[in-house]
Amino acid sequence: MKNESLSISNPDKNKIDFIEKVAIGLITVGLLILALSFLNIKLNAVIFLPLSLSSILLGTIVYSRRIYLKKLPGIKNDAVWFRSLSSRGLIAWSIGITLTGFYVLIYWFPRILGLGVNGNSNTGLAALFDPLSYFFEGKPASQWFVYGTLYTLCITSLGYKFILKYRHNRYQIIRTIVVMLSQLFFAYLIPEILEGLNSDKAYFAKDIKNMWPLNYYFFDSWHIDNMRNGGTMGMIYLVWGIALFLIVTPIVTYFVGKRWYCSWVCGCGGLAETAGDSFRQLSSKKVSAWKFERYMIHGVLLFAVLMTSAVLYNYFTNTTTIFGLDTYTWIRQPYGFLIGAAFSGVIGVGFYPMLGSRVWCRFGCPLAAYMGIFQRFKSRFRITTNGGQCISCGNCSNSCEMGIDVRAYAQKGENIVRASCVGCGICSAVCPRGVLKLENGDEKNRINSNPISIGNNSAKLNM
Amino acid sequence: MTTINRLLRECKSSASKHVVIIGNGISGITCARNVRKNSTACITVISSETDHHFSRTALMYIYIGHMRFQDTKPYEDSFWVKNKIDILNRFVSKVNTDEKMLTFSNGESLTYDVLVIATGSKSNKFGWPGQDLHGVQGLYSYQDLQLMEQNTKDVNHAVVVGGGLIGVEMAEMLKSRNIGVSFLVREQHFWDAVLPMEEAVLIERHILEHNINLRLGTELKEIISDERGKVKSIITSKGESIKCEFVGLTVGVSPNILFLKDSGINTDRGVVVNEFFETNIEDVFAIGDCAQFEKSINGRRQLEQVWYTGKMHGETLAHSISGVKTAYNPGHWFNSAKFFDIEYQTYGNVPTNYSEQLASFYWEHPTKKICLRIAYNKQTNILIGVNAFGIRLRHQIIDKWLSEERTIDYVIENLAGANFDPEFFIKYENDIADSYKFRKQKSILSN
């Protein structure tokens, strides 16, 4: 394989074969259809929507099979710090800017995406998704329907890629299948179908796993009323929604840590673990980032709790103000804008290629903060460090999407008990010496902050 | 970066003793950190390799692209300032033990009260013709890695000489850049000084699976130069010529102690020390790869050249320097490695050959690259060591079993409790137990 270019820098010797080219072509066709629709070029949606979605899905499947199955099972992180996509290069910036722009349009300028307002029918990208929306809900696509469909497509197609990448690791395979199914059914298909079946009743959130405070409008007056007026199903969602964060979450988090949610069923987590996998190494591991994280995430949790208290106060007293301030203008709207849209969407996903895949989960998610308190102080979950086997190589810290300096604990022989750990298990997977294991066990000795170094009896004469 | 003047001024005024450590590898740094924990000594760590401590074991991951250099530093740069450990990027060219003074290659000098030599190793070369050509190198230091980046630019085929841990790492590095590799191993089987035959064969199979041209029982005879002084081929002991543009020499390492030649410090292969890491000269100690125990401690080798022992040496010596004189008393041996995709852990003593007294039980998965060997004493049935490939074991549990002198039957029965594989992994303890019982009945356990 002689390098035929005259470049003296290291050329990328990984040649793309014919099948890979076809697969990339398919993905490009799928994306091109979306782009053309966005530019308001009228395409027959009944033909072009399925064509677009299936070529993206099929292209990703073929491409990932091609690149991973020709290699032996094992850790596949070669060149992540050389590639443009995964090391903040040109491709990364392009994707980051595109995603950020897309989120800005969804939240604040849906008309540019073709959303028909004031009774006008959809055009552009929104119109492309109309047939599917009519199929589920019997109404034209909203920007949220477009978003939800593409989001689910990302998790399923790139989830498949992730499974191939980690096909030697059963924890990763099972976890990823669950996160994919959870998005496909709980977050997408079931809510869309239920919405269609109940189109005569007012909207309320029908993703049974999306709980307060991540779903920050759960206790808004309109939402409570819509659930109460939503018949039996509405009442079930109301009771379940409260029980989920009040009873189920603390109990499950006690037994297995917050991973049951964050890296197994959560939609935000699902995207981070699948589409965001190429960016996990970009999170900052600095102590300063950890300090910032603690103020930030608990600040958001506090904000969410205060907002919800005010909203509930309004609900039960039948008012719209608190301390003379209008709750919507002064509390709900700023939260929705700053946290709900700007933080979780625009920065949280748009900045994946710059800041890593878990920016929202790490710095902003109030639910992660809430579960983190249990995980840190009252849980059986920990990452066990295997005696003295750590070689301080740094692969664990490097691949921690939450920016935990895993090595700092492992090299001391100390277990990792951190509020932020989402239990993705990649640190354990990439460890070349078998040092880390996610497990649930006795609370006693969970935190061993002054471990004895195994293998060195001289140092046991501790001073 | 610290200047010598400031260093001396501050150390003199602090009235505490000045501990100078040459070498910022794992031994020197562990020593520095533990001295800092337990004392107010003035600490200076000198290295000409890098400003800050990094994990040498992670060099390969930089080349492969898993990490950048900064990701291999176990401590943030601010850590050293915060913990008042001064770092000095200098090359020590001379040690004057009478005046307790170091001279650097740039002519500057520095005095010490306590000197710790932790200069590690350098790659072996055995006088092969052509061993100093361009494109021929070992892999030990940060500079070696930089050189390897240079040397492997536009290389199509490489030869790696020496079937040990660095050799297989180098082969993996080269393959990650799509460079073809011929791997010369002098022994009849891969790493057979350490691995029993079955394990060695398993690894060989895996090396071949990665399309490495593995040549067992083959030595390097000569490296041939092109007209510009760059390697163009090698000749093996079997007279075969292999075209290559890069040669990796990974035939072991030896202590890096040349600069001590006229210092009066007693050296043999390494710096000769007793169980307190004391050399023949007062207040001069040596730890890590470069230290050689004058006699074996707890039956171990006189030169201990692995990461874990370096860490233990540093930790132990720090106690002595901080005022509690502590002898080196290592516990059960352990080590680990990774051969391409196969993880390896070893605990205790697993011999390669079995005598009258020692025996072993070996289990291997029929298709996957997973195996386990339990070595024990034939008379007493007591466990003496474990090799695990593709199965992770709990260090703490195996260490405990070795101390408690558990029998092999106990180990087989309780093996699940020592499993450290991630959740949901397929467990093989039952298969292993069945195989053990079957062979015990047939009394075909040995070897």
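On a predicted model such as this, the values are computed, not experimentally measured, just so you know.
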Answer with side chain, backbone, both or neither: which region of [X] has an atom nearer than 4.5 Å to a non-hydrogen atom of chain B?
X: A:Leu438; result: both
X: A:Val435; result: backbone
X: A:Ser397; result: neither
X: A:Arg407; result: side chain
X: A:Lys71; result: neither
X: A:Ile173; result: neither

Query raised in the report: Pick from A:Gly394, A:Gly387, A:Gly388: which one has the most heavy-atom pairs with chain B under 4.5 Å?
Result: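 Most heavy-atom pairs within the cutoff with chain B belong to A:Gly388.
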
Report task. Heavy atoms only, distances under 4.5 angstrom: which of A:Pro73, A:Ala408, A:Gly425 has the most pairs with chain B? Name it, please. Result ->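 Winner by heavy-atom pair count: A:Pro73.
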
How far does [atom1] of [X] sit from [atom2] of [Y], to the nearest 0.5 angstrom?
X: B:Ile398; Y: A:Ile454; atom1: CD1; atom2: CD1; result: 11.0 Å
X: B:Thr316; Y: A:Asn457; atom1: OG1; atom2: CG; result: 9.5 Å
X: A:Asn77; Y: B:Met67; atom1: CG; atom2: CE; result: 9.5 Å
X: B:Lys311; Y: A:Asn456; atom1: NZ; atom2: CG; result: 11.0 Å

Requested in this report: Apply the test side-chain contact (heavy atoms from CB on, under 4.5 Å) to residues B:Phe420 and A:Thr384: give CA-CA distance (whole Å), side-chain angles for both, the deciding distance (0.1 Å), then the verdict.
Outcome: CA-CA 9 Å; B:Phe420 199 71; A:Thr384 304; 4.0 Å; yes

With distance as the sole test, does [X] use its side chain to make a donor-acceptor pair with the main-chain N or O of [Y] at under 3.5 Å?
X: A:Ser392; Y: B:Ser55; result: no
X: A:Asn386; Y: B:Leu393; result: yes
X: A:Arg170; Y: B:Pro422; result: no
X: A:Lys437; Y: B:Arg394; result: no
X: B:Tyr308; Y: A:Gln389; result: yes

With a 4.5 angstrom heavy-atom cut-off, which part of [X] approaches chain A: side chain, backbone, both or neither?
X: B:Tyr328; result: both
X: B:Asp421; result: backbone
X: B:Phe54; result: neither
X: B:Gln396; result: both
X: B:Ile62; result: backbone
X: B:Tyr75; result: side chain

Query raised in the report: B:Lys73, B:His206, B:His332: which one forms the most heavy-atom pairs within less than 4.5 Å of chain A?
Result: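 Sorted descending by pairs with chain A, the first entry is B:Lys73.
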
Query - Options B:Thr309, B:Ile342, B:Asn335, B:Asp71, ranked by heavy-atom pairs under 4.5 Å with chain A, top entry - result: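 That would be B:Asp71.
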
Query raised in the report: Who passes side chain to side chain donor-acceptor pair (under 3.5 Å) against A:Glu20, sequence neighbours left out?
Result: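 A:Glu20 satisfies side chain to side chain donor-acceptor pair (under 3.5 Å) with A:Lys70 once adjacent residues are dropped.
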
Report task. Quick one: closest heavy-atom pair of B:Tyr61 and A:Pro432, and the distance? Result ->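 Closest heavy-atom pair between B:Tyr61 and A:Pro432: OH-CB, 3.2 Å.
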
Report task. Can you see which heavy atom on B:His66 is nearest to which on A:Asp78, and at what distance? Result ->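 Heavy-atom minimum between the residues: NE2-OD1, 2.9 Å.
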
Query raised in the report: Restricting to pairs with a member in residues 335-345 of chain B, which pass salt bridge (charged side-chain N to carboxylate O under 4.0 Å, His left out), not counting sequence neighbours?
Result: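 Qualifying pairs: B:Glu343-B:Arg392.
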
Query raised in the report: Should the heavy atoms of other residues, nucleotides or ligands under 6.0 Å from CZ of B:Arg300 be counted, would the total exceed 12?
Result: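 More than 12 heavy atoms, drawn from other residues, nucleotides or ligands, come within 6.0 Å of this atom.
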
Requested in this report: Count the heavy atoms of every other residue, nucleotide or ligand shown that sit under 6.0 Å from NZ of B:Lys427, and state whether that count exceeds 12.
Outcome: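 Above 12, so yes.
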
Requested in this report: Decide side-chain contact (heavy atoms from CB on, under 4.5 Å) for B:Trp307 and A:Arg433; before the verdict, give the C-alpha distance in whole Å, the side-chain angles of both, and the deciding distance to 0.1 Å.
Outcome: CA-CA 12 Å; B:Trp307 178 267; A:Arg433 307 299 174 106; over 6 Å; no

Query raised in the report: Stepwise, does the side-chain contact (heavy atoms from CB on, under 4.5 Å) test hold for A:Asn169 with B:Phe425?
Result: CA-CA 7 Å; A:Asn169 188 314; B:Phe425 269 44; 3.3 Å; yes

Query raised in the report: Does the side chain of A:Gln411 come within less than 4.5 Å of B:Pro74's, by heavy atoms?
Result: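 Yes. Closest side-chain heavy atoms under 4.5 Å.
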
